[in-house]
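To start, the structure under review is shown below, and the notes come after it.
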Amino acid sequence: MSMQASEPRPPHKSLIPWELKLLFCAIVMFSIVGLTSHLQPSLSAQDQDLKAAPELTPVDQGLDETTRLILRTVRDSDPQLSDELANAAKLMIDIRLFEDARFYLGQISKLNLNSEQLYLLQNEIGADFFSSIHANDSLQPEGRELARKVLKASKVVANSPARIDELIKTLNNPDISIRSEAFRKLRRLGEPAVAQLLEVFAQKDRVADFPGIRGALKSMGIHAQGPLLGAARANNIQVQAEALRALGYYRTSESLDVMMRAYLSPNVPDSLKAIALQSLDRAEFGYDPVVIEERLYRRSREFLTGKRPVDGSVLSSVTIWSWDNQKKKLISSELDHLTATRVTAARRAADLYEINPASDRNRELYLLTQLEAAKRIAGPSKKTNVELIQKTLGITREETQAVLDEALKLELVPAAIACCELLEKIGNESSLSAIAGQPSGLIDAIVFGDRHLQFAAMQAIAAIDPQKAYAGNSYVIRLAVFLAQSENRPSGLIGYNRGDLAQNYAATMLSLGLYGRAAASSREFFQTATSDPDLEVLVVTDTLNNPNYGNLIQQLRTDWRTRRLPIALLYRDADRGRRTSIQLQNDPLFTAIPLSLQPDLVATHIERLDDRIKPWKLSNFDRRRQGAFAMKWLAKISSDRERYYFYRLGSREQAQLAKLLYSPGFVADASAVLGSLGTPESQRALVDFASQNAIALEEREVAAAAFAKSVKRGGTLLTVADVQLQYDRYQASIDDPQESRQVLADLLDAIEERIRSAGVQ
């Protein structure tokens, strides 16, 4: 069906056929020489978007005669149909009359063509034209709007299952030209077409179509490999057989892996083994079981550790295909290339374990790769389905702990997080036992430094709820205090020995969505970096000394709070930058940047460094969740000091907790924790907070009540000067509201009551 037949054509007055006029224009156009002197200035995309939709204006008499002739001819032809309008726009673009081109593109949009008509338009005009008008700033917004409509509609129509199925049915047509055209179109559609070709083999009533499909799969080329690899693991023998047979024609490493699994797996029927054996013979690859096992093990480890990329890893995403046993269809998943490599590692390890499940080495690799892939797919903010993992893998507590140790050794953070999530459900106090004097894997997970992993380990320990001291328990309470301090504000820290310049660089971080902080010395930098859980990137300059910038970076890389944060060194001296880069050459989260007086240029480098932790950087949701959980856990262990006696807070942590009194929503929990500590610092923090009449009365009353409990439990630990200050505060509040004065009175009552009780005793 022609496009013209599908569009209503209004009458027009031109006596010369459009096609002849267009041909004439094209001939004249290609004879034009020296039109560049008449080019219209190109506008920016922003300026174009602000322009109103153009209308045809009188012909500019300043144009040369040839250009005017072409322009008048096109206008006189009065194009109405979509292809006529598109050709008119194309001609106007060629002679650089962009306003007229925008007009004709806008007229196409006004036709409100359906998806089929837009698809036919792309076929007739060519996809390159629509890609070009999308990118040309001088044609906006009409060009981008039309291009998006056409390209989106064309993709939907071209990839529609009904259309693909019609093409598949013609693969057995007696007419070779029809068969060839159908194959050409299917090949052009790529993987979706291959997937649908393979799905036909699961339909017993389509046997007549099988021969044509086999021929197509044999010649599909690289487009076929992804769906074929997924189909080779189908629960349908016919689909498996056809996939293995087709893969035999593609002698790639991936296809060989699948053949080896089919040849050695005890779960594969002999008929399929024979097909796999033929393919291995054609590839002239030996099929010694020992050699095959070693190959699959090595390749799985290489995919797991990033030494071997998957096909297409240079792209932003990779398509992985798998067979849905229930729907009898191939399902595609768009994964980032790193996740795709881990999923591939998991598949190779699953093949290896299927071949020889008795091997401890195969079992450990199988568990490690499955957990790594499962967590990467789930993402950092969502827990893995531990019930499904237990059911599928049959993993024990001891195995989980062993896999956690291996994951930390290989720096596979997602796998380590998945282990912690499992131990949250199946762990017990033995999971925290020291081995040969070394803390358990859960403590090592905290010390490792990744925030998501630290929180997963803390959740596991909180669920296990140990009732006695264990190696490394101080890290848990320090982590809880650290997480609770989050202000839900992603930040960046820069160190420069000149405060004014430090502030200038810090201000540029706002463009990156980061709150910029500055430090003027190494000591201040380290103190801030290890107390602010919201920091996402650290920027050190070689102006810092005592300790110098190099030692500071080493300290940051050994501290459990900053070990996994991206660090940038801004250097003035190239030798300094080179030496530090050599020292940290194996650190993917470090970069050295020449110090520039243009903070915006530095911000660009910092942004690239910050991007290295995507998509595993913390979100504000993560910060809120982690801070709230940590605060609740601190309140819990503080409420029963007899049971949780082994969790002790140092003076630094107590000072940090005192600051939490001023964090919205944390007053009750922070007061409870401080009230249970029974130290001079904690009592003083409660009294100072409760004495401020600028704070909400309800919050002051909570802090005062916590102070009273602390005094009742362990006595007044305030100094004489502190007590006198409280009397002075009460006397100075004579003009305050009665409710406010009552809080101050309650504080004094608590102090005096304890003194009276002590006197009676």
Side-chain angles (χ1 to χ4, degrees), residues 3-4 7 9-111 113 118 120-151:
M3 217 179 332
Q4 285 78 2
E7 300 173 29
R9 181 185 183 108
H12 62 82
K13 300 177 181 179
S14 175
L15 299 179
I16 304 176
W18 158 258
E19 292 81 1
L20 292 179
K21 289 185 177 181
L22 183 59
L23 178 61
F24 168 74
C25 292
I27 294 172
V28 174
M29 179 197 71
F30 287 115
S31 67
I32 296 173
V33 178
L35 286 182
T36 54
S37 61
H38 302 290
L39 299 184
Q40 295 183 353
S42 173
L43 299 176
S44 70
Q46 184 177 7
D47 291 338
Q48 290 290 342
D49 287 339
L50 293 175
K51 292 180 63 178
E55 296 293 335
L56 293 180
T57 58
V59 176
D60 183 0
Q61 297 304 313
L63 297 172
D64 67 278
E65 184 178 350
T66 305
T67 303
R68 290 201 312 272
L69 175 61
I70 296 173
L71 181 57
R72 285 183 181 136
T73 303
V74 172
R75 290 191 179 186
D76 289 345
S77 68
D78 192 20
Q80 299 288 330
L81 300 178
S82 59
D83 58 336
E84 295 174 350
L85 291 164
N87 281 312
K90 184 187 294 188
L91 191 55
M92 293 300 99
I93 294 169
D94 289 339
I95 61 175
R96 312 287 289 184
L97 296 181
F98 296 118
E99 291 299 301
D100 285 67
R102 288 179 61 210
F103 171 78
Y104 292 122
L105 294 175
Q107 293 300 107
I108 298 175
S109 293
K110 290 179 181 179
L111 293 176
L113 303 178
L118 291 170
L120 291 172
L121 178 63
Q122 178 188 269
N123 282 352
E124 181 155 340
I125 304 301
D128 290 343
F129 170 72
F130 294 100
S131 297
S132 67
I133 66 173
H134 185 280
N136 191 330
D137 289 343
S138 300
L139 300 173
Q140 308 314 327
E142 289 81 7
R144 189 170 294 119
E145 178 186 348
L146 178 61
R148 286 173 176 170
K149 284 182 180 178
V150 170
L151 297 175

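The residues of the chain are indexed from 1 along the displayed sequence. Bear in mind that the values here come from a model prediction, so they are computed numbers and not experimental data.
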*Mark yes or no for whether E124, through its side chain, and L120, through its backbone, hold a donor-acceptor pair below 3.5 Å.*
no
*asked:* A side-chain contact here means heavy atoms from C-beta on lying under 4.5 Å apart; do Q107 and F103 qualify?
replied: yes
_Ignoring hydrogens, what is the shortest heavy-atom contact between A86 and L121? Give both atom names and the distance._
CB-CD1, 4.3 Å
*asked:* Tell me every residue that passes side-chain hydrogen bond (donor to acceptor under 3.5 Å, both in side chains) with Q122, counting only those two or more places apart in sequence or in another chain.
replied: S154
*Side-chain contact test, heavy atoms from C-beta onward, threshold under 4.5 Å: evaluate it for E99 versus S138 and give yes or no.*
no
*Can you name the nearest heavy-atom pair linking S82 to I108, along with the distance?*
O-CD1, 3.8 Å
*What's the spacing between L151 CG and L118 CG if we round to 0.5 Å?*
10.0 Å
_Passing candidate, side-chain contact (heavy atoms from CB on, under 4.5 Å) with T67, options L69, D64, I70_ = D64
*asked:* Quick check: closest heavy atoms across R102 and P141, and the distance to 0.1 Å?
replied: NH2-CD, 3.7 Å
*asked:* To the nearest 0.5 Å, what is the distance between CZ on F129 and CG on L146?
replied: 7.5 Å
*Measure the shortest side-chain to side-chain distance between V74 and M92 over non-hydrogen atoms and say whether it is less than 4.5 angstrom.*
yes
*From E142 atom CD to N136 atom CG, the distance as rounded to the nearest 0.5 Å*: 12.0 Å
*Report the C-alpha distance between L63 and L97 in whole Å, list the side-chain angles of each, state the deciding distance to 0.1 Å, and finish with yes or no for side-chain contact (heavy atoms from CB on, under 4.5 Å).*
CA-CA 10 Å; L63 297 172; L97 296 181; 4.3 Å; yes
*Taking every non-hydrogen atom, the tightest pair across P79 and A88*: CG-CB, 4.1 Å
*Distance-minimising heavy-atom pair for H134 and A147*: CB-CB, 3.7 Å
*How about S109 and K149: do any of their side-chain heavy atoms sit closer than 4.5 Å?*
yes
*Which atoms form the tightest heavy-atom contact between I133 and L105, and what is the distance?*
CD1-CD2, 4.1 Å
*Under a 4.5 Å cut-off applied to non-hydrogen side-chain atoms, are L111 and L85 in contact?*
yes
